[in-house]
Protein chains: 2
Amino acid sequence: MSYRRSPLMEERLANNRERILLATRKLVSEGGFREAQISAVATVAGISTGMIYRYFPSKADLFVEVLGAAVDQEIKILTQAAAGHEPAGERLGKTVTCFVRRALKGPNLAYAFIAEPVDPEVDTARLRCRKKFGDVFKAILVEGMQKGELPEQDPDASAACIVGAFTEALVGPIGPTTRNTQDKERLVASIQSFCIRAVGGAP
Amino acid sequence: MSYRRSPLMEERLANNRERILLATRKLVSEGGFREAQISAVATVAGISTGMIYRYFPSKADLFVEVLGAAVDQEIKILTQAAAGHEPAGERLGKTVTCFVRRALKGPNLAYAFIAEPVDPEVDTARLRCRKKFGDVFKAILVEGMQKGELPEQDPDASAACIVGAFTEALVGPIGPTTRNTQDKERLVASIQSFCIRAVGGAP
DNA sequence: TAAAAAATTGAATATAAATTCATTAATTGA
DNA sequence: TCAATTAATGAATTTATATTCAATTTTTTA
C-alpha cells in the first residue's frame, strides 16, 4: 500500500466539512434555505459541488445538521437566560428578551429556522426544534405554577403560544425590515410585556 | 364570422375557472401548497394542464387568488365575531375562539395558508394575509385601550403576537394531530385564556 | 521520483415540476 | 351540414436544481 491518511490530511478533511457547514449557515442566515443551493454552498465554501457529497449524503442531511447545531447553540444560551431564582414571570421576561434580542441582532439562524419553508425531511427536524424552544418556556411555566407564582394553565399550549407570538412578531408583517435601534428595543419590550401578561406573571 | 361565444359557452368557461379554483383549494387544504401541482389540480378539476393556463397566467397567480378568496372569507367571519359591545377582553376571546375552532374543524385553508411554505411571489401575498388577520385583533385592542379596558400596549405588536400564538399552537408541534373533541376544546380554551391574559383583558 | 491510493473537480445526468404549442375536438352561425 | 372559429388536449419543452461519476490532481510511501 502507498497511501494512508496523514494527520495533516485528516485535519484538512475536517476543515472541509466545517467549511461546508459554515458556508451553508452563512447562506441560510442571509437568504434562508432558498438561497442555499448546493452550487452556492460549494462556491462560498470554495470547493466543488461533488465534494459536498463526500461529507453529506444529501442536501437535506446537510440542512438538518446545520439546523440542529444552530438551534442547540441557541437553546444553550436560552437555558442559561432561563436559570435563576427570580419569580417565574421575571425569568420568562428575561428569556423572551434574550431570544428576541439575539434574533434582531442577526444574522442568527434560529429564528429563520423556526419560521422557514423547506422540504418535508427538513421540516420534521424544524418541528423538533420548535418543540425544543417551547420546552425551555414550558419548564419555566411548570415551576412557576408549582410555586404558585403563575395561574394554572396548560404549559404545552402556553409554551407554544409564546414561541409563536415572538416568532410572528419578529418575522411577520411587522417584523424587522428597516428599523432603528430604538424601535427594536420598543418591539422587544412589547413582546416581553405581552408574554409576561399572557402567562399571568405580571407583578 | 361564424362563431361567437354563446351564453351557454360563457357559462361553461366560468364553470371551468371555478372548478380550477375549487380543485386547488381542495388540494391545498388537504396537503398544503406542496400537493397542489398543476398536474394534480388538472386531474382533480377533470381538465388538462394546458387549460389551466387559459384561466391563470401562472401557478403563482392561481395560488394568490385561491389564498386571497379563502382569507377574505375567513376575515369576514372573524370581523363578525369581533363585533359587539362587550368589553374588549371578551370580544378578543370570542374572536380567537372563532378562528381556532374553525381552523381545528378544517379542511379550512386559512390556517394552512398563514403557516405554509411557498415561493416568493405567493409569500408576499401570504404576508399581506397575516397582516389582515392581525388587523382584526388590532382594532379590538385599539378600542379597548381607548375605553380604558385594556392597559397601554403597542397594538401592532400585540396583534402580531396573537396571530403568532394561535398559529403556532395550532400547526406547531403540539398542534392537532390525533386529538379528540375534548382535547380540542381544551386547546381552544387554553389559547383563548392565554390571549386574553396577554393583552391584559382578564376580568 | 514513481506507483498506488485517495481527494477533488465540474461537466454530464437525473429529476421534478411548470409551461408551451402543434394537433384535435367542439361550437357556432349560415 | 359545412366552414370558421374557438376550446381543449397532453406530449414535448423548458427550467431549475440536485446528484453522479469519469477524468484529473494531490498525497503518501517506498
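We use all heavy atoms of the structure for the numbers below, so side chains are in, but hydrogens, waters and symmetry mates are not. Below, read A as the first sequence line, B as the second, and so on, with proteins coming before strands; counting in each chain starts at 1.
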Visitor: Given dA7(C), dA11(D), dT19(D), identify the nucleotide with an atom nearest to the side chain of Met9(A).
Guide: dA7(C)
Visitor: Can you tell me if Arg5(A) touches the phosphate of dA7(C), counting only side-chain N or O atoms and a distance under 4.0 Å to OP1 or OP2?
Guide: yes
Visitor: Provide, to the nearest angstrom, the distance between the CD1 atom belonging to Ile38(A) and the C1' atom belonging to dT9(C).
Guide: 15 Å
Visitor: Within this structure, what is the CD-to-P distance between Glu10(A) and dT27(D), rounded to whole angstrom?
Guide: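 Interatomic distance, CD of Glu10(A) to P of dT27(D): 15 Å.
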Visitor: Taking atom P of dG10(D) as reference, at what distance in whole Å does atom CD1 of Ile52(B) sit?
Guide: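 From Ile52(B) CD1 to dG10(D) P: 12 Å.
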Visitor: Quick one: are the ring centres of Phe166(B) and Phe137(B) less than 6.0 Å apart?
Guide: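 Yes, ring centres under 6.0 Å apart.
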Visitor: What is the distance, to the nearest angstrom, from the CZ atom on Arg19(B) to the P atom on dA7(D)?
Guide: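 Taking atom P of dA7(D) as the reference, CZ of Arg19(B) is at 16 Å.
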Visitor: How long is the line joining OH of Tyr53(A) and P of dT13(C), in whole Å?
Guide: 17 Å
Visitor: Looking at residues at least two apart in the chain, or sitting in another chain, which of them share a salt bridge (Lys or Arg N to Asp or Glu O under 4.0 Å) with Arg19(A)?
Guide: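 Expected list: none.
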Visitor: Rounded to whole Å, please give me the gap between NZ in Lys59(A) and P in dA16(C).
Guide: 14 Å
Visitor: Quick check: does any side chain N or O of Glu35(A) sit under 3.5 Å from a backbone N or O of Leu27(A), one acting as donor and the other as acceptor?
Guide: no
Visitor: With the side chain of Asn16(A) defined as its heavy atoms from C-beta on, choose the nearest nucleotide among dA18(C), dA18(D), dT8(C).
Guide: dT8(C)
Visitor: Sequence neighbours excluded, which residues qualify as side-chain contact (heavy atoms from CB on, under 4.5 Å) partners of Gln153(B)?
Guide: Arg197(A), Met145(B), Leu150(B), Pro151(B), Ser158(B), Val199(B)
Visitor: Of the nucleotides dT19(C), dT9(C), dT19(D), which one has an atom closest to the side chain of Thr49(B)?
Guide: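 When the side chain of Thr49(B) is considered, dT19(C) is the closest of dT19(C), dT9(C), dT19(D).
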Visitor: In whole angstroms, how far is the C1' atom of dA18(C) from the CZ atom of Arg34(B)?
Guide: 18 Å
Visitor: If only atom types and distance count, is the side chain of Gln192(B) paired as donor or acceptor with the main-chain N or O of Gly93(B) below 3.5 Å?
Guide: yes
Visitor: Within less than 4.0 Å of OP1 or OP2 of dT8(C), is there a side-chain N or O belonging to Tyr55(A)?
Guide: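 The answer is yes; a side-chain N or O of Tyr55(A) sits under 4.0 Å from OP1 or OP2.
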Visitor: Within this structure, what is the CD1-to-P distance between Ile20(B) and dT9(D), rounded to whole angstrom?
Guide: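 To the nearest whole Å, that distance equals 10 Å.
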Visitor: Using a cut-off of strictly less than 4.0 Å, decide whether Ser48(B) has a side-chain nitrogen or oxygen near OP1 or OP2 of dG10(D).
Guide: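 Answer is no, no contact under 4.0 Å.
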Visitor: Does Ile47(A) reach a base, just sugar-phosphate, or nothing at all? Heavy atoms under 4.0 Å.
Guide: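 Contact class for Ile47(A): sugar-phosphate only.
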Visitor: So do Asp135(B) and Lys131(B) actually touch side chain to side chain, heavy atoms under 4.5 Å?
Guide: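 Yes, at least one pair of side-chain atoms sits under 4.5 Å.
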Visitor: Within a radius of less than 6.0 Å around CD of Glu11(A), do more than 12 heavy atoms belonging to other residues, nucleotides or ligands occur?
Guide: no
Visitor: Name the nucleic acid region contacted by Leu13(A), choosing base, sugar-phosphate or nothing; use a 4.0 angstrom heavy-atom cut-off, strictly under.
Guide: sugar-phosphate
Visitor: Measuring to OP1 and OP2 of dA7(D), would you say a side-chain N or O of Arg54(B) lies under 4.0 angstrom away?
Guide: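 Looking at the OP1 and OP2 atoms of dA7(D), one of them is under 4.0 Å from a side-chain N or O of Arg54(B).
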Visitor: How does each nucleotide of nucleotides 21-26 of chain D score, in 5' to 3' order, for protein heavy atoms under 4.0 Å: base (B), sugar-phosphate only (S), or none (-)?
Guide: ------
